[in-house]
K.L.:
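Please see the structure below; I have some questions.
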Amino acid sequence: MIEADRLCRIAHWARSLEPHAFERVQAEMIERRYPAGTTICEFGERFDYWAGVTTGLLTMRALSRTGKEVTLAGIHAGAWFGEGTLLKKIARQYDIVALRPTTLALLDLETFLWLFENSAAFPRYLVVQINERLGQFIAQVEIDRRLDTTSRVARALALLVNPTLYPDAGDYLDITQEELGQLAGVSRPTANQAVKQLQELGVLRAEYGGITIRDLDRLRAFGEDREL
DNA sequence: ACATTAAATTCGA
DNA sequence: TCGAATTTAATGT
């Protein structure tokens, strides 16, 4: 049984649930911690939970045909993921790896499907979420195509402050340059240079162990579609 | 890869 | 429980 105020803190979508749905979620949700480096779920495995990141940072990645690891999305505290595979009842199409010690809130498949059928608010929320994530995947493909490393890092950052997926996020991002490099697909020193450059442009402020976004619009617009 | 700096932890009072 | 000393983590080049 999870406390009501805690549930509201870790699951923004729960706040708009009808009371009967809220209570069921309260009863069924569990939390689990994972050390840094843990593979939480591997490609092809069943992982029958809808999961939210309570603390920490995850990456969703797939192996391309050439064997290169491709980051599909960085996921940090506040985000919920996995609805696609749950609704289709299939195995995961990607690996989920904890980049640092991470706590997940988990909702089992049965409860998830029950919510989908028995709450009016929940499917509405899911549509918005899925739509937003679709946009993210498209943006992520672009990160990998882009040559210019500063734009890659800027894009990777922009994905982490998406206000739809992270409605509670402030302008401070708890992320190291090492982690940012992994999400952007660049080395740590390269990420460092990119962060420095973005700082000089006034887009963000680099801090020890984190980054403060100063100008979200310019971060978003950074290196906006050139050619495809 | 190495030097620097910030933070976290340990330890002695 | 305070703070100085040490170790670990993150950053800058």
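Remember, it's a predicted structure, so these values are computed and weren't measured experimentally. Below, chains carry the letters A, B, ... as their sequence lines are ordered, and counting in each starts from 1.
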K.L.:
Between C1' on C:dT11 and CG on A:Leu180, what's the gap in Å once rounded to a whole number?
P.N.:
13 Å

K.L.:
Quick one: label A:Glu207 by what it contacts on the DNA or RNA (base, sugar-phosphate, nothing), any heavy atom closer than 4.0 Å.
P.N.:
sugar-phosphate

K.L.:
Does a sphere of radius 6.0 Å around CD in A:Glu110 hold more than 12 heavy atoms from other residues, nucleotides or ligands, not counting ones at 6.0 Å or beyond?
P.N.:
no

K.L.:
Can you check whether A:Gln177 has a side-chain N or O nearer than 4.0 Å to OP1 or OP2 of C:dG12?
P.N.:
yes

K.L.:
Would you say the side-chain atoms of A:Glu207 and A:Thr212 include a donor-acceptor pair closer than 3.5 Å?
P.N.:
yes

K.L.:
Rounded to whole Å, please give me the gap between CZ in A:Arg100 and P in C:dT8.
P.N.:
20 Å

K.L.:
Looking at A:Lys196, does any N or O in its side chain come under 4.0 Å of the phosphate oxygens OP1/OP2 on C:dT11?
P.N.:
no

K.L.:
Starting at the 5' end of DNA chain C, which residue's closest nucleotide do you reach first, A:Tyr208 or A:Asn192?
P.N.:
A:Tyr208

K.L.:
Suppose clustering is done on Ile, Leu, Val, Met, Phe, Trp and Tyr with side-chain heavy atoms closer than 4.5 Å. Which residues sit in the same group as A:Val70?
P.N.:
none

K.L.:
Rounded off to whole Å, could you give me the CD-to-P distance for the A:Gln182 and C:dT11 pair?
P.N.:
13 Å

K.L.:
Roughly how many Å is it from CD1 in A:Ile175 to P in C:dT11, rounded to a whole number?
P.N.:
10 Å

K.L.:
How close or far is atom P of C:dA10 from atom CD of A:Gln193, stated in whole angstroms?
P.N.:
19 Å

K.L.:
Expressed as a whole number of angstroms, how long is the span from A:Asp174:CG to C:dT11:P?
P.N.:
10 Å

K.L.:
Could you give the CD1-to-C1' distance, from A:Ile211 to C:dG12, as a whole number of Å?
P.N.:
14 Å

K.L.:
Which residue pairs pass the salt bridge (Lys or Arg N to Asp or Glu O under 4.0 Å) test when at least one of the two sits in residues 158-171 of chain A, sequence neighbours left out?
P.N.:
A:Arg15-A:Asp168

K.L.:
Whole angstroms only, please: what is the CG-P distance between A:Leu57 and C:dA10?
P.N.:
12 Å

